[in-house]
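First the proteins, then the strands, lettered A, B, ... as listed; each starts at 1.
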There are 2 protein chains.
Amino acid sequence: MKILIKNVCIITMDSSHTGYNYGCIAVDGDVIVYIGEEEDMPRDFDAGKVIDGKGMLALPGFINAHTHSAMSIFRGYANDIPLMEWLSSRIWPMEDRLTPEDAYWLSMLSIAEMIMGGVTAFADMYMFMDQTAKAVDRSGIRAVLARGLQGPDPKSEQRLKENRCLWEEWNGHDGRIKVMVGPHAIYTCSRDYLESCMELARELGTGIHIHIAETRDEVEECRRKYGKTPVEYLEEIGLFKYHSLAAHCVHLTREDMDILSDNNVHVVHCPVSNLKLGSGVAQTAELLDKGVNVALGTDSASSNNNLSIMKEMNIAALLSKGINEDPTLLPARQVLKMATGNGAKALGWDEEIGSLEVGKKADIILLRQDGPHYHPAADPITHLVYSGHSSDVDTVIVNGNILMEGRQLTTIDLQEVYHKVGGIRTRLMGRIEIEQ
Amino acid sequence: MKILIKNVCIITMDSSHTGYNYGCIAVDGDVIVYIGEEEDMPRDFDAGKVIDGKGMLALPGFINAHTHSAMSIFRGYANDIPLMEWLSSRIWPMEDRLTPEDAYWLSMLSIAEMIMGGVTAFADMYMFMDQTAKAVDRSGIRAVLARGLQGPDPKSEQRLKENRCLWEEWNGHDGRIKVMVGPHAIYTCSRDYLESCMELARELGTGIHIHIAETRDEVEECRRKYGKTPVEYLEEIGLFKYHSLAAHCVHLTREDMDILSDNNVHVVHCPVSNLKLGSGVAQTAELLDKGVNVALGTDSASSNNNLSIMKEMNIAALLSKGINEDPTLLPARQVLKMATGNGAKALGWDEEIGSLEVGKKADIILLRQDGPHYHPAADPITHLVYSGHSSDVDTVIVNGNILMEGRQLTTIDLQEVYHKVGGIRTRLMGRIEIEQ
């Protein structure tokens with residue numbers, strides 16, 4: 001379909017920081033074919049769909065570079081308790097009872113929330129990833145998927161096989177799905193198992209999605225066991241030779257930061273989850289200073305409890321300033337870059353997405369600016385990062401397809417998703433009462 | 001008018017933590033006359049207005065215990081720059097050019113945003129406070145107002161006089177306005193001037209609204225000048241003998257915390273503003289542990305850039321956990337208490353507002369829970385604090401009057417406010433362009 005978005009304020013996030021106060025964007029099929037002033041628009045562009053962007057802001061879609069979408073089942077399920085108790089007594093026992101069909105609906109719930117918040121691409125790592133792939137396929141969103149891998153244990157070879165099958169079945173699908181290899185973390189994977197994961201990544205010619213240095217305990221245990229930090233250990237075994245999507249990286253030494261920089265590791269800053277689980281605060285400003293590509297992620301709805309990249313932008317910007325007592329750190333445009341271009345790079349997709357440019361894929365979002373929080377008018381990026389919220393997102397286009405318009409989803413039946421997910425919740429956890 | 005809210009999940013925030021999964025609330029005039037199950041409702045209650053609360057959550061309105069509503073002119077105006085540069089080169093020169101009428105419209109913009117985010121009462125301190133009072137009167141919201149006071153300088157006696165006039169004209173107005181005395185801070189008021197402020201508070205029989213220990217610099221300067229911390233200094237001069245609404249309190253010693261506790265000082269935690277300005281992070285969990293009444297505030301839209309108490313709740317809960325690396329701190333219910341009952345206490349209004357109880361004022365909000373971020377269903381307080389957002393607020397009642405229903409404001413013409421505020425912005429700051 002040919003789409004024309006007219007009369008819209010455009011933030012392209014291209015390398016020259018091009019913006020238009022009143023511009024238009026033309027989409028043909030899955031590609032952007034024109035961006036600029038309306039008067040320079042090719043006259044023979046015959047749009048099948050015209051969107052009036054009056055009063056709205058057009059941006060490249062946000063990229064959620066680390067989540068576990070099927071974990072939406074745990075949203076609000078267990079909070080305000082210590083991490084290990086949370087995992088061992090609440091999360092893990094329930095995970096054993098999830099079925100593949102559950103994972104499909106739970107992924108769909110997360111995808112619905114992400115689309116409604118302007119997320120057009122995400123990176124996921126969890127079990128039943130073929131079900132998440134199905135939900136990605138049907139919803140029209142874009143994703144980089146990895147089977148979560150742990151081992152050795154009786155099922156660890158099977159998991160590796162699932163990751164390979166996932167790649168065979170879904171990698172490249174519709175130009176919207178990529179598959180990576182997903183070793184969970186150094187404390188859930190032995191060195192041999194990590195090497196098997198790397199071997200699979202080599203064979204498939206793909207990247208690795210992993211959690212690194214999320215907690216102080218992880219770092220201390222690693223030092224005890226290997227005499228090294230997690231980053232030093234992973235460098236030693238050669239993992240960073242692969243395109244590495246490294247979630248969290250909260251507890252790093254200066255040397256760790258240099259290693260990440262030297263090896264072009266892509267770090268995913270997940271400030272909300274790190275705060276909520278009591279993991280700590282990443283030194284994001286310093287990482288960015290060292291030239292590391294830092295993207296933003298929500299982690300799962302069980303530790304966030306939103307999947308809103310606009311919220312991550314806001315909190316990332318606030319947190320670096322507050323913790324370092326320096327209001328000049330992480331200015332608005334840099335944070336927006338983390339949520340778009342840096343995310344695209346982290347997903348290995350920066351040739352196609354992450355900015356609005358002619359020839360790039362049409363992953364475009366439109367935000368309303370008619371709430372009181374957008375008044376008086378000011379630099380739109382400032383308002384977006386410091387005042388904006390996911391609920392301002394009006395229209396979402398991925399790969400040239402409209403997935404939401406006027407806040408109505410076009411590919412997902414929300415009521416059906418709520419019904420299915422409510423059923424799963426009741427089956428697993430019983431009736432919900434107000435906690436007294 | 002008599003209002004009946006039916007079929008609603010109610011969180012009363014009363015002292016016994018009463019909640020109803022499907023209850024109803026009856027309002028007669030400005031007072032709540034019934035809360036409970038529908039079948040026990042007095043049969044002769046003849047409601048002029050029935051609200052179906054199906055799927056919604058009823059709560060006491062949120063209380064924003066520290067803001068400067070007319071500063072909405074500065075939202076998004078200057079960000080990501082050092083505090084003193086921000087104040088001296090950007091904020092102060094513009095403030096000199098504000099007119100009383102500007103302050104009316106700018107206050108109205110802030111009040112609109114607060115109502116739309118479920119805030120039913122706020123505490124303000126700024127200039128042109130009679131204009132803010134007029135906006136409070138017309139909008140129907142509830143407020144505790146103080147003239148911001150600094151001195152000595154040629155205008156400082158005039159300011160004190162304005163604070164007195166404000167009290168004479170507005171204190172007790174419609175049962176919705178109280179007036180306090182507003183000495184700005186120890187670094188903008190001399191000891192003599194602070195004593196004049198205290199004398200005025202004594203005469204009027206009212207409280208004091210002040211900024212305390214917002215920045216490290218303030219504390220260091222105070223130590224140099226008086227050999228004491230700001231809290232020690234204010235205790236020494238006797239300020240805490242008055243009902244004290246103390247904004248920020250970011251940089252405190254253990255002894256300061258004990259003084260605040262011993263003197264029943266009401267602290268207003270403003271986490272977003274403290275982060276954004278690079279002021280630091282208050283030790284809120286410790287203050288609460290010491291028995292200090294801690295409320296929540298947004299500070300102004302120029303340093304936030306929202307006036308959302310739901311955002312403050314979320315960030316307060318996240319921040320205490322993350323900074324202290326302890327996920328058990330500031331659990332959801334405690335944070336909701338800060339935003340309601342603690343706020344009411346801080347405003348000296350806890351007899352009348354802060355919880356939903358028979359005999360209390362009808363300051364009630366209804367929140368929609370139909371977004372994906374409220375699914376699957378879980379404890380509603382958890383979802384509210386960790387997943388919720390201001391845009392979920394559907395209906396707002398203050399003093400028995402409906403100020404918003406179905407997200408439509410009933411007392412404020414938003415387009416008129418935007419038009420007026422846009423004009424002020426252009427007059428003061430010129431045309432807005434995208435910052436490159």
* Name the option with the most non-hydrogen atom pairs under 4.5 Å to chain B; the candidates are V250(A), N274(A), D392(A), I315(A). => I315(A)
* Any idea which of P331(A), P372(A), G371(A), S390(A) has the most non-hydrogen atom pairs under 4.5 angstrom with chain B? -> P372(A)
* Structure fact -> Answer key: most heavy-atom pairs under 4.5 Å with chain B among N304(A), N305(A), T215(A) is N305(A)
* Structure fact -> Ranked by heavy-atom pairs below 4.5 Å to chain B, first place among D326(A), V281(A), L106(A), L109(A) goes to L109(A)
* Give a yes or no answer on whether the side chain of N306(A) reaches the backbone of S387(B) with a donor-acceptor pair at less than 3.5 Å. => yes
* To do: Please examine the side chains of L59(B) and L336(B), heavy atoms only from C-beta on, and report whether any two atoms are closer than 4.5 Å.
  => yes
* Structure fact -> With chain A, the option among G388(B), S279(B), G422(B) that has the most non-hydrogen atom pairs under 4.5 Å is S279(B)
* To do: Check whether NZ of the Lys or CZ of the Arg R90(A) lies under 6.0 Å from the centre of the six-membered ring of Y77(A) and within 45 degrees of that ring's axis.
  => yes
* Identify whether the distance between the nearest side-chain nitrogen and carboxylate oxygen of D299(A) and K276(A) falls below 4.0 Å. => no
* Structure fact -> Honestly, the part of A317(A) sitting under 4.5 Å from a heavy atom of chain B is neither
* Structure fact -> Cut-off 4.5 Å, heavy atoms of chain B, and the answer for V272(A) is both
* To do: Anything under 30° is parallel, anything over 60° is perpendicular, the rest tilted; go ahead and classify H383(A) against Y374(A).
  => perpendicular
* Asked: Taking atom types as modelled, is there a side-chain donor on T67(B) or S69(B) under 3.5 Å from an acceptor on the other?
  -> no
* Asked: If you tally heavy-atom pairs under 4.5 Å against chain A, which of S391(B), S110(B), S320(B) wins?
  -> S391(B)
